[in-house]
Participant: 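Attaching a single structure in structure tokens format; questions to follow.
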Amino acid sequence: MDFKYQSAMQTILNWWQGITELSTNMPVVITLWLVLAASLTNMLVMLVLSRKLSASKTLLTFSATPTLVLDVKKASIRYANPAITRLFDRDNKTSHIVAQCCFERLSELSGETSITNDVFHIKQLKKTLRYSAVQINYQGRRAWLCQIDHIDTNSSSISPWDLDGQIIQTLFSSNSAFIHIKTLDGLILSCSPSWASQFERSVEQVNGHFEHDFYSASKLEQIKSCEKSVLIGEIQEYEEWSMVDNNILLQTTKSPLYDEHKKVVAILTVSHDQTEIMDLNERLLSENGEHLRIEAELSRNNSLLNSVINATPDPVAFMNGNGKYVGANNGYCEVVGVKHADLLGMDRQQLFTCDKRSWLLEQENQLLEDGKSVRYEELLHLAGEEPRWYEICKQRYLNSTNGESGILIIYRDLTERKRIEHELEQAIEKFDELSSIDELTKIANRRTFDSKLQHYWSTHHREVKQMSLLFCDVDSFKLYNDNYGHPMGDVVLANIAQVMDEQVHRGADLVARYGGEEFAVILPNTDEEGAIRLANKIIVAIEQLAITHAYSKASKYVTLSIGIATMCPESESSEAQLLENADKALYLAKEHGRNQCWVYQEQVQDSAMVELNFDLIKP
């Protein structure tokens with residue numbers, strides 16, 4: 001209270017004292033003065049509350065932390081301090097986008113009145129934000145008080161998800177196949193230029209639209225029928241005529257795409273145009289039959305036949321029933337590395353390597369016997385060239401003139417298709433890797449932890465072996481963040497993750513970030529004694545980092561508390577029980593002073609867990 005305010009109050013009190021002395025024997029006047037006193041008291045209370053509200057607003061206004069007050073029901077901004085404007089923009093458009101994103105995330109909370117260190121990315125602003133919020137009463141209405149920090153990423157112009165999208169789009173652009181990715185309700189997320197060109201549209205004009213914008217109702221029913229098995233996680237392969245042009249034959253593969261919870265959320269469709277190959281095969285078979293008839297009628301004169309097959313772009317050759325070459329084009333001669341003049345009349349066994357001779361003879365003899373065509377892929381090493389992939393098709397032909405049968409061999413170059421498939425696999429593998437590693441600490445994330453824990457639980461149950469789990473928590477980490485700042489807290493978490501990973505040497509063990517400042521270590525085929533030794537090594541290694549923490553309740557340095565649980569999986573239990581036991585042990589380690597590890601004992605109540613003695617158990 002300042003000097004002027006004290007002087008005014010003293011004047012009012014002196015005046016009141018004088019008046020009351022004059023009216024001691026006047027009851028009516030006394031009542032009047034009592035009413036006046038009550039009114040003055042209310043005015044004083046209102047004045048004090050007004051000064052407090054003004055002080056609170058002044059504190060927020062001059063705070064360097066960007067702050068928003070959001071109405072809980074209307075999602076409107078009730079107050080934004082100048083730090084928000086300095087961080088984002090000058091016309092508050094971006095502030096409203098940030099406020100809307102915060103409100104959407106806060107509205108998902110059921111019954112919660114506060115949230116700490118939630119992180120989210122706003123793609124349209126290309127910013128990653130961290131915020132904390134608490135519910136308050138602001139001017140008579142429920143509101144969220146939000147404090148927001150901007151987190152710098154490796155690139156200020158593009159997010160990791162944008163980068164993945166660019167990789168996939170670049171891969172699609174260099175591919176002649178018809179490729180598109182869609183959600184389960186038919187929304188086109190991405191497509192190749194060739195797929196969009198079917199509808200005389202560009203990629204930008206197709207992405208973001210639904211399939212029903214391009215296909216008729218009957219064709220959509222056909223698509224849904226083909227995708228039933230894909231929705232349950234199976235890969236579907238089949239041949240079909242194009243939905244747009246019935247003259248195009250497609251070899252189509254539909255594959256499911258999963259989210260972090262292993263749920264099918266999208267479908268990848270890749271279709272290759274087989275029309276040209278089909279026409280070529282039909283033409284070759286037709287021409288082959290006709291020219292074989294001419295060959296027999298012209299006393300096996302192969303000049304016309306060789307002229308025809310030499311005009312064929314794919315490597316083609318003919319063998320008679322005795323296994324001798326009777327015709328081939330130059331492309332086939334280049335593949336097998338034999339001159340055309342030397343190939344004609346050559347026995348096929350001369351081109352077989354020893355390791356394949358028996359298999360190929362059996363294959364071709366069976367083909368001549370039952371007439372069933374053979375199709376397989378092979379990597380061939382051509383002289384002076386890079387290895388190339390070929391699809392080899394062998395079919396039996398029959399000379400109706402003299403009854404002789406032989407084998408038609410067609411090679412199809414698959415090298416380019418294999419390269420595209422390899423690039424697509426690499427892109428998918430990179431996506432899987434990004435979804436399994438924690439971005440901050442560079443160790444396994446929660447999704448990988450859950451998957452590995454379930455896997456090891458199943459294998460240890462089958463093999464009747466013990467497994468252990470360490471559940472770890474950084475002591476007083478909230479106080480560290482509050483006093484040293486979240487960026488420093490992130491550095492601490494990354495250092496702790498690295499040290500924990502260095503203490504685990506077995507390939508099957510897994511160190512993972514469970515969430516926030518919590519870590520977990522899965523120790524397959526490990527008994528309780530082995531888990532205790534490793535826990536002590538980790539605790540000592542973390543304290544030896546000597547990261548100053550003046551606000552810790554356990555030490556002057558950053559420390560770790562660990563809960564230990566060991567089980568032999570049984571049919572009536574699950575991996576959730578192991579995690580729960582480790583969590584209970586961690587709770588007791590925290591309750592009894594932190595910077596230590598406790599082991600869960602199944603045969604007694606939780607309150608009877610035994611504290612480990614660092615002096616007796618050395619790492």
Side-chain angles (χ1 to χ4, degrees), residues 65 114-121 127-132 147-155 159-160 260 433-450 452-453 469-504 509-523 534-564 579 582-583 586-587 589-590 594-597:
T65 302
S114 65
I115 184 171
T116 304
N117 298 333
D118 187 18
V119 178
F120 61 95
H121 183 77
K127 289 181 180 293
T128 301
L129 305 179
R130 181 192 290 111
Y131 76 100
S132 298
Q147 291 192 324
I148 302 169
D149 292 325
H150 175 224
I151 303 175
D152 291 328
T153 58
N154 292 332
S155 171
S159 72
E260 60 181 358
E433 180 182 350
L434 289 173
S435 65
S436 64
I437 299 298
D438 180 66
E439 183 178 357
L440 174 64
T441 60
K442 307 306 179 187
I443 61 175
N445 61 11
R446 173 70 177 274
R447 174 189 177 190
T448 305
F449 170 81
D450 290 340
K452 287 290 186 181
L453 183 61
L469 177 66
L470 308 185
F471 202 46
C472 316
D473 186 82
V474 182
D475 296 325
S476 304
F477 189 68
K478 183 180 184 304
L479 292 175
Y480 189 92
N481 271 341
D482 292 344
N483 291 279
Y484 294 98
H486 292 284
M488 288 296 297
D490 289 346
V491 173
V492 169
L493 292 178
N495 289 338
I496 289 176
Q498 181 181 358
V499 170
M500 291 182 65
D501 200 42
E502 290 172 353
Q503 303 306 311
V504 176
D509 297 342
L510 177 74
V511 179
R513 185 184 183 190
Y514 191 79
E517 67 271 20
E518 294 179 328
F519 298 87
V521 184
I522 302 175
L523 301 173
L534 179 60
N536 284 327
K537 287 177 62 180
I538 291 174
I539 288 175
V540 172
I542 296 302
E543 193 167 18
Q544 286 178 348
L545 285 175
I547 302 174
T548 301
H549 190 350
Y551 306 92
S552 174
K553 300 177 181 179
S555 170
K556 63 180 180 180
Y557 301 124
V558 171
T559 58
L560 203 65
S561 295
I562 300 178
I564 303 171
L579 186 59
D583 187 49
L586 174 62
Y587 174 79
K590 289 282 190 180
R594 300 177 175 85
N595 192 23
Q596 57 185 289
C597 56

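The basis for the numbers below is simple: all heavy atoms, side chains too, and nothing from hydrogens, waters or symmetry mates. Every value quoted in this text rests on a predicted model; they were computed, and no experiment measured them.
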Participant: Search all heavy atoms of Leu510 against all heavy atoms of Thr448 and return the closest pair with its distance.
Facilitator: CD2-O, 4.3 Å
Participant: What do the steps show when you test Val521 against Leu469 for side-chain contact (heavy atoms from CB on, under 4.5 Å), and what is the final call?
Facilitator: CA-CA 6 Å; Val521 184; Leu469 177 66; 5.9 Å; no
Participant: A side-chain contact here means heavy atoms from C-beta on lying under 4.5 Å apart; do Tyr551 and Asp482 qualify?
Facilitator: no
Participant: Taking all atoms of both residues into account, what is the closest heavy-atom pair of Ser476 and His549, and its distance?
Facilitator: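 So the two residues come closest at O-NE2, 2.9 Å.
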Participant: Calculate, to the nearest 0.5 Å, the distance between atoms SG and CD1 belonging to Cys472 and Ile564 respectively.
Facilitator: 9.0 Å
Participant: Could you work out, with side chain to side chain contact (heavy atoms under 4.5 Å, CB included) as the rule, every residue matching Ala554, not counting sequence neighbours?
Facilitator: Asp475, Ser552, Thr559, Arg594, Asn595
Participant: Specify the closest pair of heavy atoms between Ile539 and Leu560, including all atoms of both residues, with the distance to one decimal.
Facilitator: CG1-O, 3.9 Å
Participant: At what distance, to the nearest 0.5 angstrom, does CD1 of Ile522 lie from CZ of Phe449?
Facilitator: 4.5 Å
Participant: What heavy-atom pair brings Asn445 and Asp438 nearest, and what distance separates the two atoms?
Facilitator: CB-N, 3.7 Å
Participant: Could you list the donor-acceptor pairs under 3.5 angstrom formed by side chains in residues 483-497, with sequence neighbours left out?
Facilitator:
{"from": "Asn483", "atom 1": "ND2", "to": "Leu479", "atom 2": "O", "distance (Å)": "2.7"}
{"from": "Tyr484", "atom 1": "OH", "to": "Ala550", "atom 2": "N", "distance (Å)": "3.1"}
{"from": "His486", "atom 1": "ND1", "to": "Asn117", "atom 2": "OD1", "distance (Å)": "3.2"}
{"from": "His486", "atom 1": "NE2", "to": "Asn117", "atom 2": "OD1", "distance (Å)": "2.9"}
{"from": "Asp490", "atom 1": "OD2", "to": "Arg130", "atom 2": "NH2", "distance (Å)": "2.9"}
{"from": "Asn495", "atom 1": "ND2", "to": "Val491", "atom 2": "O", "distance (Å)": "3.4"}

Participant: Got a second to check how far Lys442's NZ is from Ile437's CD1, nearest 0.5 Å?
Facilitator: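 Output value for this atom pair is 9.0 Å.
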Participant: Mind checking whether Phe519 and Ile538 have side chains closer than 4.5 Å, heavy atoms only?
Facilitator: no
Participant: Going through the checks in order, is the side-chain contact (heavy atoms from CB on, under 4.5 Å) test met by Lys556 and Thr548?
Facilitator: CA-CA 6 Å; Lys556 63 180 180 180; Thr548 301; over 6 Å; no
Participant: Side-chain contact, heavy-atom cut-off 4.5 Å: Met500 with Leu470?
Facilitator: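 No, too far: nothing below the 4.5 Å cut-off.
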Participant: If you count heavy atoms of other groups shown closer than 6.0 angstrom to NZ of Lys452, is the number above 12?
Facilitator: no
Participant: As a quick check of understanding, evaluate side-chain contact (heavy atoms from CB on, under 4.5 Å) for Arg446 and Tyr514, giving each step before the final call.
Facilitator: CA-CA 5 Å; Arg446 173 70 177 274; Tyr514 191 79; 3.0 Å; yes
Participant: For the OG1 atom of Thr116 and the NZ atom of Lys478, what is their distance to the nearest 0.5 Å?
Facilitator: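 Going from OG1 on Thr116 over to NZ on Lys478, the span is 5.5 Å.
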Participant: Please tell me if the side chains of Leu545 and Tyr557 come closer than 4.5 Å, counting only heavy atoms from C-beta onward.
Facilitator: no
Participant: How long is the straight-line distance from OG of Ser561 back to CD of Gln596, given to the nearest 0.5 Å?
Facilitator: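 Answer for the CD-OG pair, Gln596 versus Ser561, is 6.5 Å.
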Participant: Rounded to the nearest 0.5 Å, what separation is found between the CD atom of Glu502 and the NZ atom of Lys537?
Facilitator: 11.0 Å
Participant: In the structure I gave you, are the side-chain heavy atoms of Val558 and Val474 within less than 4.5 Å of one another anywhere?
Facilitator: yes
